[in-house]
*Asks:* 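Encoded as structure tokens, here's the structure I'll be asking about.
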Amino acid sequence: ADDAKLGLKSTALTFGEEGTKPVLTALTGAAWGCWMLAGYNVGFGDVLDAPLYYGGVSAAAAHLLWQVHTADLNNVENLAHRFRSNNVVGWMVFASCVGGNLMMII
């Protein structure tokens, strides 16, 4: 409702009450897959070669899934809390990149 009042074209408005969470779950899976592929493409090797990277981006994807599946689309405070926790995802991905690079040096 707030998105419509502000004139935003949000995922919730586009896909509605029933479609938002499945779409966001699919997008989380796509992001996770891209992070995994990026790690492989930069030379981190397979999962056992760079567990800090692959484990870290998997944890970041798990955090995104937590956001999606615990979101109450009708509760502004609930959604604001999840939105603010996006910085955690960014830090997790950043730390994963640092860890992956450190594993290549060691």
*Asks:* Rounded to the nearest 0.5 Å, what's the gap from NE2 on H81 to OG1 on T70? Could you check?
*Replies:* 7.5 Å
*Asks:* Working to the nearest 0.5 angstrom, can you tell me the gap between L73 CG and L24 CG?
*Replies:* 8.0 Å
*Asks:* Give a yes or no on whether the backbone of D49 and the side-chain of Y54 come within a donor-acceptor separation of less than 3.5 Å.
*Replies:* no
*Asks:* Please identify each residue that fulfils side-chain contact (heavy atoms from CB on, under 4.5 Å) with N78, with sequence neighbours left out.
*Replies:* A71, D72, N75, R82
*Asks:* Find out if a path of hydrophobic residues (ILVMFWY) with successive side-chain heavy-atom gaps under 4.5 Å connects F83 to L79.
*Replies:* no
*Asks:* Evaluate the side-chain proximity of M104 to V42: yes if any heavy-atom separation is below 4.5 Å, no if none is.
*Replies:* no
*Asks:* Do V68 and V23 belong to the same hydrophobic cluster, where Ile, Leu, Val, Met, Phe, Trp and Tyr are linked whenever their side-chain heavy atoms lie under 4.5 Å apart, directly or via other members?
*Replies:* yes
*Asks:* Please collect all side-chain hydrogen bond (donor to acceptor under 3.5 Å, both in side chains) contacts where either partner lies in residues 18-32, sequence neighbours excluded, each pair once.
*Replies:* T25-H69, W32-S58
*Asks:* Working to the nearest 0.5 Å, report the span between NE2 of H63 and CG of L65.
*Replies:* 10.5 Å
*Asks:* Is it possible for you to say whether W35 and W91 belong to one hydrophobic cluster, with membership spreading through side-chain heavy-atom contacts below 4.5 Å?
*Replies:* no
*Asks:* Can you hop from F44 to V93 via hydrophobic side chains spaced under 4.5 Å?
*Replies:* yes
*Asks:* Can you tell me if CH2 on W66 sees more than 12 non-hydrogen neighbours from other groups inside 6.0 Å?
*Replies:* yes
*Asks:* Would you name the heavy atoms of A38 and Y53 that are closest together and state the gap between them?
*Replies:* CB-OH, 4.2 Å
*Asks:* What pairs meet the side-chain hydrogen bond (donor to acceptor under 3.5 Å, both in side chains) rule with one or both residues in residues 37-47, with sequence neighbours excluded?
*Replies:* none
*Asks:* Hey, what do you get for SG (C97) to CG (L52), rounding to the nearest 0.5 Å?
*Replies:* 11.5 Å
